[in-house]
Each structure stands twice: as C-alpha cells, then as structure tokens.
Enquirer: 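Handing you a structure now.
Order of appearance sets the numbers: ligands from 1, and atoms from 1 within every ligand. Every value quoted in this text rests on a predicted model; they were computed, and no experiment measured them.
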Amino acid sequence: MFVVLLGPPGAGKGTQAQRIAVATKLVHISTGDMFRENVKNETELGKLAKTYMDRGDLVPDEVTIKMLLERIGRDDARAGAMFDGFPRNVVQAQALDEALAAQGGRIDHALLISVRDDELIARLGGRWICRNCGKLYHERNDPPKAEGVCDACGGELYQRDDDKADVVAARLEKQKPPVALIDHYRTAGVLTEIDGERSLDAVTASLLEALG
Ligand code: AP5
C-alpha cells in the first residue's frame with residue numbers, strides 16, 4: 001500500500017505518520033526529514049536545500065524528485081510506503097505516479113489533513129523535536145514528561161530554525177497544498193479529507209479508518 005499525507009505546514013503530517021507507521025508497519029518517508037539530515041551532515045544537497053528552507057521556499061522539483069526516487073528504489077519501500085511532505089505539486093505527484101507504476105504500484109490513498117492558519121501558527125511555534133529519534137512534541141498539546149527530554153529515548157529536544165515566526169509566515173503563504181494537487185488525487189478517486197483540528201488520537205483514528 002502506498003499512501004501520501006497532504007496538508008499545510010504544521011497540520012500534523014509528521015506526528016500522524018509516526019503513529020500510523022507504528023500501527024501499520026508502513027515505511028515512513030519524509031522529504032523534510034531527509035533534507036534536515038543532509039543539512040545536519042553538511043552534504044552538498046543539504047547546503048543547497050538550506051538556502052530554500054531558511055526562506056520558507058520549496059526546494060526545486062528536480063532536486064527533490066531525484067532524492068525521493070532514490071529513496072523509493074530501496075528494498076524497504078518496494079512493497080509500500082507512506083509519504084509525508086511529498087508530493088507538494090502536480091509535477092512531483094506525476095513523478096511519483098510514474099515511478100510507482102514502473103514497479104507495478106500506485107497511490108492507494110491520499111489523506112488531506114486540514115487545519116486553520118491560526119492553529120497552524122500555534123502548533124509550529126510550540127513544536128519540539130527529539131534530536132536523537134525525531135519524535136515530535138508540542139509544549140502545550142503534547143508535552144514531554146520532563147522538559148527538554150524525549151520520553152522515548154532520553155534525547156535532547158530542539159526547535160527547528162524554520163519554525164521562527166517570519167519563516168512560518170512564508171511557509172504558510174507558499175507551501176499549502178495547491179488545488180491542482182488536491183484535484184489530482186480527487187480525480188484518481190483516492191482522496192480523503194480529514195479534519196485535523198481535533199485531538200491527536202481522534203485524527204489518528206480517522207486516518208486509520210480511511211486506510212481501512
Ligand atoms: P517538512 O518538514 O515537510 O515541513 P512541512 O510540510 O512544513 O511540515 P511540518 O513538518 O512543519 O509540519 P507537519 O504537518 O509534519 O506537523 P507536525 O506533525 O510536526 O519540510 C521542511 C522543508 O523542506 C520545506 O519548507 C521545504 O523547504 C523542504 N521540503 C520538504 N519536502 C519538500 C518537497 N516535497 N518539495 C520541495 N521542498 C520540500 O505537527 C506540528 C506540531 O503540532 C507538533 O508540535 C505536534 O505535536 C502538534 N500537533 C500535531 N497534531 C496535533 C493535534 N491534532 N492537536 C494538537 N497539536 C498537534
């Protein structure tokens with residue numbers, strides 16, 4: 001089964017992907033995480049991606065698609081995967097469709113998580129992430145038991161550079177899922193829209209129900 005999670009920055013794609021991966025054993029592929037890993041390791045790809053991420057822009061399609069296609073070519077993604085943060089536009093969606101078709105697969109579900117802007121801003125401003133295992137927290141909605149420490153692995157929690165107010169404003173202006181992308185999956189008959197402004201557990205339940 002191949003699944004895409006769609007939604008604006010801060011909608012809860014990463015949080016829900018972590019939960020669904022546990023429940024379904026689907027491999028979680030996040031292009032944002034892949035870029036951040038490259039930034040951390042100071043690779044050429046990371047240095048290039050950072051110039052876009054710091055401004056709240058999308059990384060160019062040719063760079064992102066190349067990275068994603070290399071990832072889905074690996075053995076662990078052949079039978080299924082859940083994409084978080086990819087695709088962001090129709091060009092990326094078509095590249096993914098073609099790559100999956102070449103190996104006899106297709107997108108089975110596109111799950112669109114909707115949240116209003118004021119709530120997105122509150123979520124991004126209060127997000128904390130484990131530097132070690134990547135588990136996501138929110139200082140008010142989903143806090144760790146001990147401040148600054150990951151419940152799961154004891155790692156240090158940090159805040160993303162692109163969660164600063166000015167970059168968040170740019171991301172919300174430039175990075176909401178375009179109508180053409182939503183229509184791409186609606187036309188394919190695989191789109192389910194989910195109200196993301198409910199509790200974490202309620203959203204997870206709706207997503208799992210949509211996946212059947
Ligand atoms: P990426 O990391 O994909 O960022 P994003 O799409 O902006 O999404 P976020 O990770 O910010 O939010 P999320 O929806 O995962 O929310 P989360 O679960 O963390 O991309 C980063 C950058 O990389 C991009 O800006 C771009 O430059 C580049 N990039 C990545 N993919 C690309 C692509 N395909 N093409 C081009 N460039 C690309 O939740 C947020 C907070 O809310 C957390 O604190 C969480 O605890 C809390 N929360 C979640 N759900 C709930 C809930 N139901 N109730 C209360 N709180 C909640």
Enquirer: Tell me whether Lys50 is salt-bridged to Asp162, with the criterion being a basic N under 4.0 Å from an acidic carboxylate O.
Expert: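 Salt bridge absent between Lys50 and Asp162.
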Enquirer: Does any non-hydrogen side-chain atom of Val27 lie less than 4.5 Å from one of Arg74?
Expert: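 No, too far: nothing below the 4.5 Å cut-off.
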Enquirer: Please give me the minimum heavy-atom distance between Ile113 and Pro8, naming the atom from each residue.
Expert: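 So the minimum-distance heavy-atom pair works out to O-CD, 3.4 Å.
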Enquirer: Which atoms from ligand 1 have a heavy atom of Gly85 less than 4.0 Å away?
Expert: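 Under 4.0 Å from Gly85, ligand 1 has these atoms: 31 (N), 32 (C), 33 (C), 34 (N).
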Enquirer: Heavy-atom contacts under 4.0 Å between Thr15 and ligand 1: side chain, backbone, both, or neither?
Expert: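 The answer is both, backbone and side chain.
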Enquirer: Strictly below 4.0 Å, N to O, side chains only: are Lys176 and Asp117 in salt-bridge contact?
Expert: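 Yes, Lys176 and Asp117 are salt-bridged.
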Enquirer: Would you mind checking which non-hydrogen protein atom is closest to atom 35 (N) of ligand 1, with the distance to 0.1 Å?
Expert: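 Answer, as residue, atom name and distance: Gln92 NE2, 3.0 Å.
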Enquirer: Atom 46 (O) of ligand 1: which of Arg127, His138, Glu119 has the nearest heavy atom?
Expert: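 That would be His138.
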Enquirer: Please compare Val59, Asp57, Val39 and report which has the shortest non-hydrogen distance to atom 27 (O) of ligand 1.
Expert: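 It is Asp57 that holds the nearest heavy atom.
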Enquirer: Sort and list the pairs that fulfil salt bridge (charged side-chain N to carboxylate O under 4.0 Å, His left out) and have at least one residue in residues 12-31, not counting sequence neighbours.
Expert: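 For residues 12-31: Arg19-Asp201.
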Enquirer: Of the protein's non-hydrogen atoms, which lies at the shortest distance from atom 15 (O) of ligand 1, and what is that distance?
Expert: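 For this ligand atom, the closest protein heavy atom is Gly14 N, 2.8 Å.
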Enquirer: State whether Asp166 and Lys164 are salt-bridged, where the test is any N-O pair (Lys NZ or Arg NE/NH1/NH2 against Asp/Glu carboxylate O) under 4.0 Å.
Expert: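 Not counted as a salt bridge, because no side-chain N and carboxylate O are separated by less than 4.0 Å.
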Enquirer: Would you mind telling me if ligand 1 is within reach of the side chain of Leu124, the backbone, both or neither, using heavy atoms under 4.0 Å?
Expert: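 Answer for Leu124: side chain.
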Enquirer: Below a 4.0 angstrom heavy-atom separation, can you tell me which part of Arg160, side chain or backbone, both or neither, approaches ligand 1?
Expert: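 Near ligand 1, Arg160 shows its side chain, while the N, CA, C and O stay back.
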Enquirer: Is it true that Glu119 and Arg123 make a salt bridge, defined as a side-chain N closer than 4.0 Å to a carboxylate O?
Expert: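 Yes, this pair counts.
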Enquirer: Please work out which of Lys176, Arg171, Arg19 has its closest non-hydrogen atom nearest to atom 11 (O) of ligand 1.
Expert: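 Among Lys176, Arg171, Arg19, the closest heavy atom to atom 11 (O) of ligand 1 comes from Arg171.
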Enquirer: Yes or no on side chain to side chain donor-acceptor pair (under 3.5 Å) for Ser206 and Arg198, after CA distance, side-chain angles and deciding distance?
Expert: CA-CA 10 Å; Ser206 294; Arg198 296 170 295 146; 2.9 Å; yes
Enquirer: Any idea which atoms of ligand 1 are less than 4.0 Å away from a heavy-atom of Tyr137?
Expert: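 Listed by number with element: 43 (C), 44 (O), 46 (O).
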Enquirer: Do Lys174 and Asp57 have side-chain heavy atoms sitting under 4.5 Å apart?
Expert: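 Yes, side chains in contact.
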Enquirer: Number the atoms of ligand 1 from 1 as they appear, then name those within less than 4.0 Å of a heavy atom of Thr31, with their elements.
Expert: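 Once the distances to Thr31 are compared, the set is 30 (C), 31 (N), 32 (C), 34 (N).
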Enquirer: Please work out, at 4.0 Å between heavy atoms, whether the side chain, the backbone, both, or neither of Asn141 comes within that distance of ligand 1.
Expert: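 The part of Asn141 near ligand 1 is the side chain, not the backbone.
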Enquirer: Just to be sure I read this right, does ligand 1 sit under 4.0 Å from the backbone of Phe35, its side chain, both, or neither, counting only heavy atoms?
Expert: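 Only the side chain of Phe35 comes within reach of ligand 1.
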Enquirer: Using heavy-atom distances, let me know which of Arg123, Lys50, Lys13 sits nearest atom 48 (N) of ligand 1.
Expert: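 Answer by nearest heavy atom: Arg123.
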Enquirer: Side chain of Glu193, backbone of Ser114: donor and acceptor closer than 3.5 Å?
Expert: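 A pair under 3.5 Å: no.
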Enquirer: Do any heavy atoms of Arg198 fall under 4.0 Å from ligand 1?
Expert: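 Yes; Arg198 lies near enough to ligand 1 that a heavy-atom distance drops under 4.0 Å.
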Enquirer: Out of Glu197, Arg36, Arg140, who gets a non-hydrogen atom closest to atom 21 (C) of ligand 1?
Expert: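 Ranked by closest heavy atom to atom 21 (C) of ligand 1, first place is Arg36.
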Enquirer: I'd like to know if the side chain of Tyr185 and the backbone of Ala93 have a donor-acceptor N/O pair within less than 3.5 Å.
Expert: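 It does not hold such a pair.
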Enquirer: In ligand 1, which numbered atoms sit nearer than 4.0 Å to a non-hydrogen atom of Ala11?
Expert: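 Every atom of ligand 1 under 4.0 Å from some heavy atom of Ala11: 14 (O), 16 (O).
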Enquirer: Are side-chain N/O atoms of Asp33 and His28 paired as donor and acceptor at under 3.5 Å?
Expert: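 Distance-only check fails for Asp33 and His28.
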Enquirer: If hydrogens are left out, which of Arg88, Met34, Gln175 has an atom nearest to atom 1 (P) of ligand 1, that is, the closest non-hydrogen atom?
Expert: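 The nearest heavy atom belongs to Arg88.
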Enquirer: Does some non-hydrogen atom of Gly196 fall short of 4.0 Å from ligand 1?
Expert: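 Yes, Gly196 has a heavy atom closer than 4.0 Å to ligand 1.
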Enquirer: Without swapping roles, check the side chain of Gln103 against the backbone of Ala79 for a donor-acceptor pair under 3.5 Å.
Expert: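 Pair absent, no side-chain N/O of Gln103 close to backbone of Ala79.
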Enquirer: Among all the protein's non-hydrogen atoms, which is closest to atom 16 (O) of ligand 1, and how far away is it?
Expert: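 Of every protein heavy atom, Gly12 N, 3.1 Å lies nearest to atom 16 (O) of ligand 1.
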Enquirer: Side chain, backbone, both or neither: which applies to Leu136 and ligand 1 if a contact is any heavy-atom pair less than 4.0 Å apart?
Expert: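 Under 4.0 Å from ligand 1, Leu136 contributes side-chain atoms alone.
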Enquirer: With heavy-atom distances below 4.0 Å as the criterion, list the atoms of ligand 1 near Thr64.
Expert: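 Near Thr64, meaning under 4.0 Å from one of its heavy atoms, ligand 1 has 33 (C), 34 (N), 35 (N), 36 (C).
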Enquirer: With rounding to the nearest 0.5 Å, note down the distance linking CG in Leu207 to CD1 in Ile20.
Expert: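 Going from the CG atom of Leu207 to the CD1 atom of Ile20 covers 4.5 Å.
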Enquirer: What do we get for Gln16 next to ligand 1 when only non-hydrogen atoms under 4.0 Å count, side chain, backbone, both or neither?
Expert: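 Neither; no heavy atom under 4.0 Å.
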